[in-house]
Amino acid sequence: MTTDSIRWFWYSSPQTFFPLAGRIARICAVLAVVFGVAGLYTGFFVAPTDATQGEAYRIIYIHVPAAWMSMFLYVVMALWAAIGLAFNTRLSFLMARALAPTGALFTFIALWTGSFWGKPTWGTWWVWDARLTSELILLFLYFGYIALQATIDDRRRADRAGAVLAIVGVVNIPIIYYSVKWWNTLHQGASVSLSQAPSMAATMLTGMLLMALCFWAYSIAVALTRVRAEIAQVG
Amino acid sequence: MSEFFNMGGYGLYVWGSYGVTFALLAIEVVVLMKRKRETKT
């Protein structure tokens, strides 16, 4: 068969993926530290004080990258789950499973840092506005996925049930992203978007993007290490 | 130095954010490393 020569599924076998995942995880762990140090240095020592928010704005360097990761990891998780449902590849489900805790963590960090930013700038820790509420729903989607995996004993059924939940939950992602446009919210609009020039100082933007790269590398390293542990446990 | 930690009066909010964030990331790494050691004989 011709498809055999392409070997699309070569790395979909956990055993062949295991050493590759280890190498990528190690590289990404180093990158996360490098980008993190560079990002924090830029954010705290190079970038100027914000004209209206003073030093409180420096929360942006973790808040925005964490919020990006929370949404992005969910989409990647749902994508792996969908691939798992479509092709019945075990590694895809393992990847989805490995991404969930880190996604939930970044969602919590986005909410936590947002709360600590909202208090000095809005005067409140929490409001039930569209952006905050939809991000909270994202956290519950992650929790729901993790709980489903934990409560269903049959591994294949757990994977399939989790996959359906993850895929349906994707609806929430555009709602989070566009919530600041669709509704009147306390949360500000995007300072960085694909369609417009960023509305912030270049050094601030650099620090934020470096932290985003740090969180990316961190997520890859952690998720791949977790998937290796899963493979080692269940084979 | 104390000026840096004071963050223009926003110290609680800035360090409250950064502290919790990096503590949680550190916990995830430690838990994962522990699990890694346990799974590998």
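Chain naming here is simple, since letters A, B, ... match the order of the sequence lines and numbering starts at 1 in each.
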Q: With side chain to side chain donor-acceptor pair (under 3.5 Å) as the criterion, how do Glu55(A) and Thr49(A) come out once you've worked through the C-alpha distance, each side chain's angles and the decisive distance to 0.1 Å?
A: CA-CA 6 Å; Glu55(A) 306 292 349; Thr49(A) 304; 2.8 Å; yes
Q: Below 4.5 Å from any heavy atom of chain B, which atoms of Leu105(A) appear? Answer side chain, backbone, both or neither.
A: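 Side chain only.
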Q: Can I get a per-line list of side-chain donor-acceptor pairs under 3.5 Å for residues 64-80 of chain A, giving both atom names and the distance, sequence neighbours left out?
A:
from     : atom 1 : to        : atom 2 : distance (Å)
Ser70(A) : OG     : Ala67(A)  : O      : 2.6
Ser70(A) : OG     : Glu135(A) : OE2    : 2.9
Tyr74(A) : OH     : Ala166(A) : O      : 2.9

Q: Of all residues at least two apart in sequence or in a different chain, which pass the side chain to side chain contact (heavy atoms under 4.5 Å, CB included) check with Ile146(A)?
A: Ala100(A), Ala104(A)
Q: What part of Ile62(A) lies closer than 4.5 angstrom to a heavy atom of chain B: side chain, backbone, both or neither?
A: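 Looking at Ile62(A), backbone and side chain both touch chain B.
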Q: I'd like to verify something: which residue of Leu12(B), Leu24(B), Asn6(B) has the highest number of heavy-atom pairs under 4.5 Å with chain A?
A: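 Most heavy-atom pairs within the cutoff with chain A belong to Leu24(B).
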Q: Step through it carefully: locate the ring centre of Trp15(B), locate the ring centre of Phe44(A), and say whether they are under 6.0 Å apart.
A: yes
Q: Is it the case that atom CZ in Arg155(A) sees more than 12 heavy atoms from other parts of the structure closer than 6.0 Å?
A: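 Atom CZ in Arg155(A) is packed in, count exceeds 12.
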Q: Relative to chain A, which segment of Tyr13(B) carries a heavy atom at a distance below 4.5 Å: side chain, backbone, both, or neither?
A: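 Both parts, backbone and side chain.
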Q: For Tyr57(A), is it the side chain, the backbone, both, or neither that has a heavy atom closer than 4.5 Å to a heavy atom of chain B?
A: neither
Q: For chain B, which candidate among Ala229(A), Gly36(A), Pro120(A) shows the most heavy-atom pairs at distances under 4.5 Å?
A: Pro120(A)
